[in-house]
Every structure is written in C-alpha cells, then in structure tokens.
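Index from 1, following the sequence.
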Amino acid sequence: MAHINQQIPREEWASYLSGISRQDATRWVRVESIDAETGDQPLADRLPLVDITLETKGSDSGAVQIIVGRENERITHRILEPDHLYAELDSQTGELECLEIGERGGKTLVFFERPTEAEEISARF
C-alpha cells in the first residue's frame, strides 16, 4: 500500500488537529512515544480518539495534547515543545493513517485504524 507523507506548516497546526478531532471519532488510535533515551513506549492501544489540540494560549501555548479512551478511562499525552507535524496518508483513499509529532530528542506517533464491526458493537456497551 502506497503512502503520501505531508508536512503540515506550523501556522496550520491548530486547524489541522481540530479537523482530525472532528473527523476521526469513529476510528481507533494507537499512540507511541519514541525517545532516544527511553526508547519506544506504547501509551495507548486501539482506543477511541477523544481530542487532539494545539494549545494556543497561556503557559502551555504551542503544546499538543492528545486525549484517547472511553468515559471514565481517558489517557492524556502532551507534547510540550513540538517542532514538526507530519501526516502519512493512504495514497488511494487520502485517509490519515499516521500522525507524527516531533519534539527535541523524540517523537509521538498516532496511528489511526478502523475498528471491526464486532469491536464497534462491544465499545458501545
């Protein structure tokens, strides 16, 4: 399967991330943190995306916040000083498959997957 890698300009980060939050509520996400010191760290696996945003105000301005999970079981991951944002898209459908958020010394990868029908049904209960 061929992919298209697209760098998102910094001035578009807030609107791009907001668009992902609105569109991908029906998809599972897997979140991994990759750091030179600690190595690969899985943070979340096959959970619904709740929100992904760029903080635009206050002391956390510029930070990216990712929230995944279900009611009463949410995981929040923050990237405090992101320096790049890359989107990996399926070349056939244009669907977002992976979002890379880079920061000094590492990066966070957010993988997007469609749940199976059985998983969708069990997630409702």
Side-chain angles (χ1 to χ4, degrees):
M1 187 182 305
H3 297 95
I4 300 169
N5 292 314
Q6 176 182 358
Q7 182 171 3
I8 310 303
R10 185 175 290 272
E11 62 272 8
E12 296 175 18
W13 287 7
S15 62
Y16 188 83
L17 295 174
S18 176
I20 291 172
S21 291
R22 286 191 307 270
Q23 293 176 353
D24 288 315
T26 61
R27 297 175 73 190
W28 296 126
V29 295
R30 187 179 72 218
V31 183
E32 295 179 10
S33 177
I34 300 172
D35 184 281
E37 291 181 24
T38 60
D40 296 4
Q41 301 291 319
L43 303 174
D45 190 28
R46 299 182 60 78
L47 291 171
L49 177 67
V50 175
D51 195 25
I52 183 167
T53 57
L54 176 70
E55 296 291 330
T56 57
K57 298 180 181 173
S59 61
D60 290 336
S61 180
V64 173
Q65 179 171 276
I66 304 164
I67 304 171
V68 299
R70 295 177 187 83
E71 229 176 284
N72 303 323
E73 295 179 51
R74 296 209 169 148
I75 298 168
T76 300
H77 177 64
R78 298 175 62 98
I79 299 101
L80 298 177
E81 297 179 11
D83 58 21
H84 70 262
L85 188 65
Y86 293 113
E88 184 176 293
L89 310 171
D90 180 289
S91 63
Q92 299 292 321
T93 65
E95 277 195 340
L96 179 62
E97 291 190 338
C98 181
L99 186 66
E100 176 182 311
I101 305 160
E103 61 183 324
R104 187 174 0 133
K107 59 187 169 185
T108 297
L109 300 175
V110 183
F111 296 94
F112 296 84
E113 304 170 1
R114 291 261 176 233
T116 65
E117 188 175 321
E119 289 169 327
E120 286 180 354
I121 291 169
S122 68
R124 292 184 215 147
F125 299 102

(message) Quick one: does any side-chain atom of Ser21 pair with a main-chain N or O of Ile52 as donor and acceptor, under 3.5 Å?
(response) yes
(message) If only side-chain N and O atoms count, and only distance matters, is there a donor-acceptor pair under 3.5 Å linking His77 with Thr108?
(response) yes
(message) Suppose we screen for salt bridge (charged side-chain N to carboxylate O under 4.0 Å, His left out). Which residues come up paired with Glu100, at least two apart in sequence or across chains?
(response) Lys107
Closest non-hydrogen atom pair between [X] and [Y], with its separation:
X	Y	answer
Asp83	Trp13	C-CH2, 3.9 Å
Ser61	Thr56	OG-O, 3.5 Å
Leu47	Ala44	CD1-CB, 4.0 Å
Arg10	Pro82	NH2-O, 3.2 Å
Gly69	Val50	O-CG2, 3.6 Å
Trp28	Arg70	CH2-NH2, 3.2 Å

Rounded to the nearest 0.5 Å, what separation is found between the [atom1] atom of [X] and the [atom2] atom of [Y]?
X	Y	atom1	atom2	value
Leu17	Glu12	CG	CD	11.0 Å
Asn5	Ser91	CG	OG	10.5 Å
Leu54	Ile79	CG	CD1	10.5 Å
Thr76	Ile67	OG1	CD1	4.5 Å

(request) Please collect all ring pair (Phe, Tyr, Trp, His ring centres under 6.0 Å) contacts where either partner lies in residues 84-104, sequence neighbours excluded, each pair once. (result) His84-Tyr86
(request) Begin with the C-alpha distance, continue with both residues' side-chain angles, and end with the deciding distance and a verdict on side chain to side chain contact (heavy atoms under 4.5 Å, CB included) for Ile66 and Ile101. (result) CA-CA 11 Å; Ile66 304 164; Ile101 305 160; 3.9 Å; yes
(message) Measuring only between side-chain heavy atoms, which start at C-beta, is Leu85 closer than 4.5 Å to Val64?
(response) no
(request) May I ask you to check whether over 12 heavy atoms, not counting those of Glu81, lie within 6.0 Å of atom CD? (result) no
